[in-house]
Amino acid sequence: QVQLVESGGGSVQAGGSLRLSCVASGNYYTWYTMAWFRQAPGKEREGVAAISAGPGNTYYSNSVKGRFTISRDNAKNTLYLQMDSLKPEDTGMYYCAAGTRFRPNLVREDDYNYWGQGTQVTVSS
């Protein structure tokens with residue numbers, strides 16, 4: 001089993017920044033693809049960013065491209081999501097996930113086997 005624990009969420013005004021972290025433990029391997037998903041109230045969960053192992057190829061959804069940056073520190077088994085220029089529509093629960101397949105053009109939930117409990121992000125206007 002792999003355990004994922006997110007942190008760094010909070011409340012911020014529009015235009016502000018937050019940095020989410022996700023620490024992995026257990027039977028975690030640095031060759032896992034990692035991703036961030038979010039779910040707003042009343043909406044389906046969506047993948048917003050993913051990063052492959054090795055060369056660290058990245059994917060961003062159109063809704064966050066240019067504002068969010070995903071990165072990983074394999075020495076610390078930690079995944080990050082730097083979120084800048086936040087908008088009220090970025091509000092939601094953010095989850096990190098670990099899986100075995102990186103897709104360059106989309107993020108699919110069923111590619112990810114392990115999930116954290118989530119951290120809440122609230123952006124006020």
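Ala35 and Leu79 get closest at one heavy-atom pair: O-CD2, 3.8 Å. The two atoms that bring Ser125 and Pro88 nearest to each other are CB-CG, 3.9 Å, heavy atoms only. Scanning all heavy atoms of the two residues, the minimum distance from Ala98 to Met34 falls at CB-SD, 3.5 Å. Considering every non-hydrogen atom in both Leu18 and Gly8, the closest pair reads CD2-O, 3.9 Å. Across Ser61 and Gly47, no two heavy atoms sit closer than the pair CB-O, 3.7 Å.
In this structure, the side-chain contact (heavy atoms from CB on, under 4.5 Å) partners of Glu89, at least two apart in sequence or on a different chain, are Lys87. In this structure, the side-chain hydrogen bond (donor to acceptor under 3.5 Å, both in side chains) partners of Asp110, at least two apart in sequence or on a different chain, are Arg108. Listed by chain and residue number, nothing satisfies the side-chain hydrogen bond (donor to acceptor under 3.5 Å, both in side chains) test with Arg101 (two or more places apart in sequence, or in another chain). Qualifying side-chain contact (heavy atoms from CB on, under 4.5 Å) partners for Gln13, counting only residues two or more places apart in sequence or in other chains: Ser124. When the side-chain contact (heavy atoms from CB on, under 4.5 Å) test is applied to Thr100, the partners found at least two apart in sequence or on another chain are Trp31, Tyr32, Asn113. Considering only residues two or more places apart in sequence or on other chains, Ala40 meets the side-chain contact (heavy atoms from CB on, under 4.5 Å) condition with Lys43. By the side-chain hydrogen bond (donor to acceptor under 3.5 Å, both in side chains) test, Gln117 pairs with no residue at all, sequence neighbours left out. Applying the side-chain hydrogen bond (donor to acceptor under 3.5 Å, both in side chains) test to Asn77 and every residue at least two apart in sequence or in another chain returns nothing.
Taking 4.5 Å as the limit, every side-chain heavy atom of Val64 sits out of range of all side-chain heavy atoms of Trp36.
Among pairs with a residue in residues 10-30, none fulfils salt bridge (Lys or Arg N to Asp or Glu O under 4.0 Å), at least two apart in sequence or across chains. Residue pairs that meet the ring-ring contact (aromatic ring centres under 6.0 Å, His included) test with at least one member in residues 58-112, sequence neighbours left out, are Phe37-Tyr112.
Here Leu106 is tied to no hydrophobic group at all, with no ILVMFWY side chain closer than 4.5 Å.
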With side-chain contact (heavy atoms from CB on, under 4.5 Å) as the criterion, how do Arg38 and Ser63 come out once you've worked through the C-alpha distance, each side chain's angles and the decisive distance to 0.1 Å? CA-CA 12 Å; Arg38 69 184 179 191; Ser63 60; 3.4 Å; yes

Start with the C-alpha distance between Glu46 and Gln39, add both sets of side-chain angles, then the distance that settles side-chain contact (heavy atoms from CB on, under 4.5 Å), and finish with yes or no. CA-CA 6 Å; Glu46 64 166 330; Gln39 187 166 23; over 6 Å; no

side-chain contact (heavy atoms from CB on, under 4.5 Å) between Thr119 and Ser7, intermediate numbers included: CA-CA 6 Å; Thr119 185; Ser7 62; 5.6 Å; no

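Of the N and O atoms on the side chains of Asp73 and Thr78, not one donor lies less than 3.5 Å from an acceptor on the other residue.
Of the candidates Leu20, Val12, Val123, Met83 forms a side chain to side chain contact (heavy atoms under 4.5 Å, CB included) with just one, namely Leu20.
Side-chain atoms of Glu6 come within 3.5 Å of backbone N or O of Gly118 as a donor-acceptor pair. Remark: side-chain polar atoms of Thr122 are not paired, donor with acceptor, to backbone N or O of Thr91 under 3.5 angstrom.
Tracing side-chain contacts under 4.5 Å through hydrophobic residues (I, L, V, M, F, W, Y), one never reaches Val107 starting from Leu81; they form parts of separate clusters. In this structure, Ile51 is a member of the same hydrophobic cluster as Tyr114, with clusters built from ILVMFWY side-chain heavy atoms closer than 4.5 Å.
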Which donor-acceptor pairs under 3.5 Å do side chains of residues 23-30 form with protein atoms, sequence neighbours excluded?
residue	atom	partner	partner atom	Å
Tyr28	OH	Arg72	NH2	3.0

